[in-house]
2 protein chains.
Amino acid sequence: MLQGRTLAAGLSAAIRNDILTGFYKAGDPLRQEQLAERYQVSRIPVREALLQLESQGLVAVMPHRGFVVRAMSAVELKDIYHIRMVIEPDLVADATRSPAAQKLFIEAKKVLDDSLKAMADKGPSDEYSALHQRFHGLLIEGSNRVRSIEVVKRMHTLCERYIRLHLSLHQGRPNEEHNKIIEACLAGDAEAARHHVLTHLECTMNDLLEELDTDPVEDARE
Amino acid sequence: MLQGRTLAAGLSAAIRNDILTGFYKAGDPLRQEQLAERYQVSRIPVREALLQLESQGLVAVMPHRGFVVRAMSAVELKDIYHIRMVIEPDLVADATRSPAAQKLFIEAKKVLDDSLKAMADKGPSDEYSALHQRFHGLLIEGSNRVRSIEVVKRMHTLCERYIRLHLSLHQGRPNEEHNKIIEACLAGDAEAARHHVLTHLECTMNDLLEELDTDPVEDARE
DNA sequence: CCCTCTCACTTTGTATACAATCTACAATTA
DNA sequence: TAATTGTAGATTGTATACAAAGTGAGAGGG
């Protein structure tokens, strides 16, 4: 377990996963010694991983008081989706225009199929969710806009927790949208791809905001 | 020196500053022991600071081989400005609509004046540059879109090095644009503010790209 | 009764020490 | 000569130990 090139790198992914799957919930304190025990390493790599997650916006830190899992307000969720909406469609369109990206799209298609199978077999699960995130990642990977890719992926990760809470939504319309997107990409139709991505993001955001209205999430604390 | 709540926090800012001012240049290795000596701390907080800078995209790390200052290609610079162009104008417009932001704009006006004075006194300098960055920061601070603010500030920091290399550009048109922006903000004209910010970013990007064409920068290394 | 101060305890932050990995150059072999 | 291996030195990565800051319960005073 945790075999990366360095411990901290793998740890950061492991803790992120534990946050995304809800093992650690918004507001939970992340005690260094406790994490060190859980992952069987010393506090140093734990601290390094936590600081990286802090830079990525998943956890908050108060000096000498420790780390906590950051919560998210509806305003913040909207902001995050807004960022994705003004960048992600362009990235997919860019990738669609690049011939080299075709093999990424083919893999994306495979990942999408896998995710549908996972959903059919086990219903909404962490496995489905991870595949879904990977699908979106592959769509933009073919663009050569490295920084934009980074930003979009980070924003996706930030709202991933909330997507997972409402995965049941993913059984109807969103999957049709995913299909339309990947078909447009495979067909090389950049404009259609852009359009479908934007629509997908808009709808997903609205769905999530509706859910949050009925089941409000506490705001990020100081 | 370096009196923050924690050493690592201050260190990260100090190293960032040393990168932005060109003390450490693109491609330079950042040896931990050397930095520890320079800032008079042990290697642990140095590592933590470097990892944070890595998360912020300013330095790159190869496990067991060390950290280096990341370089930037013209493509990347364009990408970064593109991100700013699709987010920053909206943020300033948002802030302009919020009454609470007025006092931020007043401070921004003061900072702008200070920067002009600094430019008149000493010409293009690190001091001017820092004030310029602070000016842009204050313009968006009044929006309540926390994540967007974070992204824009980070992108600004990433290209700040290249802005500093060509500060002589800042003596003519850019300052007129800054004036138009702050006047629109103080007058509460959100649409004008948005327009002037977008124009400013477009022009600045084009200027920088032109400079890079004549004086090419090495691409980021593996 | 409430406020404040103290002091033990918990938790974080940093320094030092040690282990693992990489780099470069010399020695060996085909 | 060219390729490969071995080894010393340098550098990074992690564990342990210690210092500093925060927390909370109980004593004492208003």
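Numbers restart at 1 for each chain; the letters A, B, ... are given by sequence-line order, proteins then strands.
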Taking only Lys NZ, Arg NE, NH1 and NH2, and the carboxylate oxygens of Asp or Glu, determine whether [X] and [Y] approach each other closer than 4.0 Å.
X: B:Lys109; Y: B:Asp113; result: yes
X: A:Asp28; Y: A:Lys25; result: no
X: B:Glu37; Y: B:Arg43; result: no
X: A:Glu141; Y: A:Lys153; result: yes

| said: Between P on D:dG13 and CD on A:Gln52, what's the gap in Å once rounded to a whole number? | reply: 11 Å

| note | Between CD of A:Glu37 and C1' of C:dT11 the distance, given in whole Å, is 16 Å

| message | Across nucleotides 12-19 of chain C, 5' to 3', mark each nucleotide with B, S or - according to how protein heavy atoms within less than 4.0 Å reach it. | response | BBBBB---

N/O donor-acceptor pairs under 3.5 Å from side chains in residues 100-107 of chain A, not counting sequence neighbours:
residue, atom, partner, partner atom, Å
A:Gln102, NE2, A:Cys185, O, 3.2
A:Glu107, OE2, A:Arg134, NH2, 2.3

